Structure formats: C-alpha cells, structure tokens
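In what follows, a single structure is set out as structure tokens and then discussed.
Order of appearance sets the numbers: ligands from 1, and atoms from 1 within every ligand. Keep in mind it's a predicted model, so treat the numbers as computed, not measured.
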Amino acid sequence: MSKIKLQHTTLNYVFDDFKKEQTILFSNSLGTDLTMWDKQVELLGAEFNILRYDTRGHGKSEVPAGEYSIEMLGKDVLDLLDYLKIQKVNFCGLSIGGLTGQWLGIHAPERLNKLILCNTAVKIGNAEGWNSRIEAVQKNGLDSIVSGTQERWFTPEFVAENKDEVDAVLVKFVQTPLAGYISCCAAVRDADFTAEVSKISVPTLIISGTEDAVTTIKDGGFLMGKIPNSLLAALKTAHISNIEKADDFTKLLIEFIKN
Ligand SMILES: O=C(O)CC1=CCC(=O)O1
C-alpha cells in the first residue's frame, strides 16, 4: 500500500503493475475500502495491471473536512492517474464508485478504455433518506446501522453460508471514519446524472443485482437505455455483487474487457 498527496487530498492505493497493456482501476462503495476487491485481485491473477484506491473519507485515505461531491471524487481519480502516469484505464466502480465512473465517462472519456458500472444508478435514493441516514449516524455512530447495512449488502442465503466473510466486511464498515462516511453520503445524495448519462460514449458494462433493493435491476436497465454503447448483466445478488458472486462477477469483467 502507498499513500500519495494529490492536489486536493491524500489517497491510499495499491498498484499491482504487471507491465501489462491494460489496467483495471477499482473504486469502492460507501462504507468499504479497497479490500472489497480482494477476490477480484485473486481471480484476475496477473492478466491486467490492477489499481485500487480508498475513496476519500474511507479506509486509509485522508478525510478532508466538509461535504464531498462526485466531481471531487472523479478529480481525485484523474489526479491519481496523472501521478502514476497512466493514460487510460478500464474503470470498475460499485455504487458510489459507479457514480464516480459515470462522472468520468461524461467528463474524462479520454482516460477510459471501458467502463464497468456495478450496482449503481443515475441517482441513488433521495435527499430525505440520505439526510436521515446522516442524522442517524451523527447521533448514534455507524454501529447503529450495521444490521440494516448487512441486509442491503448481502442476501440472507449468502450471509447464512458466509458468516465470517460478511462479518469481516462489516468490521471494515464500522471502522470507516464517521466524517468520511457522512461526507460521501452527501456526495451520493447530491448526485443525479439523469440528464447527462447519455453523453457516455465509451463501451460500458452495467452489472446489477436481482436482489439489490438499493440500486435495482430497473436502475441498471435505465442506465443501459441511456448509454448508447452499453450492455446489462444481472447477477443473483444483493448490493455488493462482486463479493457475493465473485467468480461470475470477475468472469463478466474479463470477458467484457477482452472483447
Ligand atoms: O446504502 C448502502 O449502504 C449502499 C450504498 C449506497 C451508495 C453506496 O456506495 O453504497
């Protein structure tokens, strides 16, 4: 792991540089960190260079004061790529990571080979819901929403069979800096790409979970309808599809990037 002080913040990242032509850049979801992609890293082997980072406010990245926006998160990615002198990547982001991916697809297509938008939507939830979540965690901490988080993130079947794995993800969740979580909730609350998403022209794979109640399969279908060069794949998962169906998810990723 390395830390780099960029223009606006300091990011924690891991770059597995296998000297391959193509790089995959993974962007984590709210309340997780770059370890959420461990299974993909294991399954991908050395086929692509792999770059992962902790979104600002998360993991070991800095927690700048104040609310964030998806534009800020997108610019952090561009700064990181400039620092590492990587011209183009295949960007794979889940949930808030998928919002960052949409911003990049709209504003920086020259830095993308392909885009993978997972368990995301042009707009996630509504302002009321995000404000009440912010209020709840301000008052009672992240511990107070851990059981609801588990329900949104994983199906009961997956939890029953993978208790230790789920617990490890939730331990990371409660370790997320509270201020960073809140600032990213504000970024999700304020993001709405409905009017702009059709500007995305790079080839795009949308991955949705059939059991995902946060960013539904309908949200995935909406993205596909708006993004001209896109296709939609559905996995039988709740929100964190890359962990719940790691093999299928990674196969989709490889097939899409290679073809
Ligand atoms: O509600 C959740 O925890 C799911 C989620 C919404 C945005 C994100 O990144 O995760």
Side-chain angles (χ1 to χ4, degrees), residues 26-37 52-59 61 63 67-74 76-77 91-104 116-138 140-155 158-159 166 169-193 206-220 222-223 235 237-244 249:
F26 287 111
S27 182
N28 62 284
S29 60
L30 189 65
T32 66
D33 66 12
L34 57 75
T35 62
M36 78 174 288
W37 305 106
R52 301 182 279 166
Y53 71 103
D54 293 331
T55 294
R56 66 159 75 192
H58 283 69
S61 285
V63 187
E67 293 188 344
Y68 310 155
S69 66
I70 298 300
E71 180 180 4
M72 288 177 185
L73 305 189
D76 288 347
V77 171
F91 183 94
C92 176
L94 194 141
S95 203
I96 189 174
L99 291 171
T100 303
Q102 290 173 65
W103 187 91
L104 290 166
I116 301 101
L117 303 175
C118 322
N119 303 83
T120 195
V122 287
K123 179 169 170 56
I124 303 178
N126 58 43
E128 202 190 342
W130 286 109
N131 285 334
S132 60
R133 191 185 301 189
I134 289 169
E135 231 179 272
V137 298
Q138 260 164 350
N140 304 310
L142 289 174
D143 273 322
S144 68
I145 62 162
V146 80
S147 79
T149 297
Q150 176 183 299
E151 278 169 29
R152 290 191 304 278
W153 286 8
F154 301 109
T155 61
F158 184 77
V159 175
V166 169
V169 175
L170 295 175
V171 164
K172 292 267 182 195
F173 170 73
V174 296
Q175 286 171 348
T176 304
L178 181 59
Y181 183 84
I182 289 171
S183 299
C184 279
C185 284
V188 177
R189 177 195 64 202
D190 298 341
D192 185 351
F193 291 111
I206 299 143
I207 301 177
S208 294
T210 55
E211 318 303 305
D212 184 355
V214 185
T215 50
T216 62
I217 190 93
K218 201 170 156 209
D219 291 320
F222 186 82
L223 280 166
L235 295 175
T237 70
H239 194 58
I240 312 285
S241 63
N242 73 303
I243 293 181
E244 190 159 347
F249 183 100

Under the criterion side-chain contact (heavy atoms from CB on, under 4.5 Å), which of Leu30, Leu117, Thr215, Asn119 is the partner of Leu94?
-> Asn119
Of Ser27, Ser95, Cys92, the residue whose pairing with Cys118 passes side-chain contact (heavy atoms from CB on, under 4.5 Å) | Cys92
Between [X] and [Y] (side chain of the first, backbone of the second, donor and acceptor by atom type, cut-off under 3.5 Å), is there such a pair?
{"X": "Glu244", "Y": "Ala238", "answer": "yes"}
{"X": "Ser132", "Y": "Gly129", "answer": "yes"}
{"X": "Ser183", "Y": "Gly180", "answer": "no"}

What atoms in ligand 1 come closer than 4.0 Å to a heavy atom of [X]?
{"X": "Ile96", "answer": "8 (C), 9 (O)"}
{"X": "Ser95", "answer": "5 (C), 6 (C), 7 (C), 8 (C), 9 (O), 10 (O)"}
{"X": "Ser29", "answer": "9 (O)"}
{"X": "Arg133", "answer": "1 (O), 2 (C), 3 (O)"}

[X] to ligand 1: N or O pair under 3.5 Å?
{"X": "Val188", "answer": "no"}
{"X": "Leu94", "answer": "no"}
{"X": "Trp130", "answer": "no"}

Evaluate the side-chain contact (heavy atoms from CB on, under 4.5 Å) criterion for residues Ile243 and Trp153: first the C-alpha distance (whole Å), next the side-chain angles of each, then the deciding distance (0.1 Å), finally the verdict.
-> CA-CA 10 Å; Ile243 293 181; Trp153 286 8; over 6 Å; no
Considering only heavy atoms, does Arg189 approach ligand 1 within less than 4.0 Å through its side chain, its backbone, both, or neither?
-> neither
From CA spacing to verdict: side-chain hydrogen bond (donor to acceptor under 3.5 Å, both in side chains), Asn28, Thr55 | CA-CA 7 Å; Asn28 62 284; Thr55 294; 3.1 Å; yes
What protein heavy atom sits nearest atom 2 (C) of ligand 1, and how far off is it?
-> Arg152 NE, 3.3 Å
Would you mind checking which non-hydrogen protein atom is closest to atom 3 (O) of ligand 1, with the distance to 0.1 Å?
-> Trp153 NE1, 3.0 Å
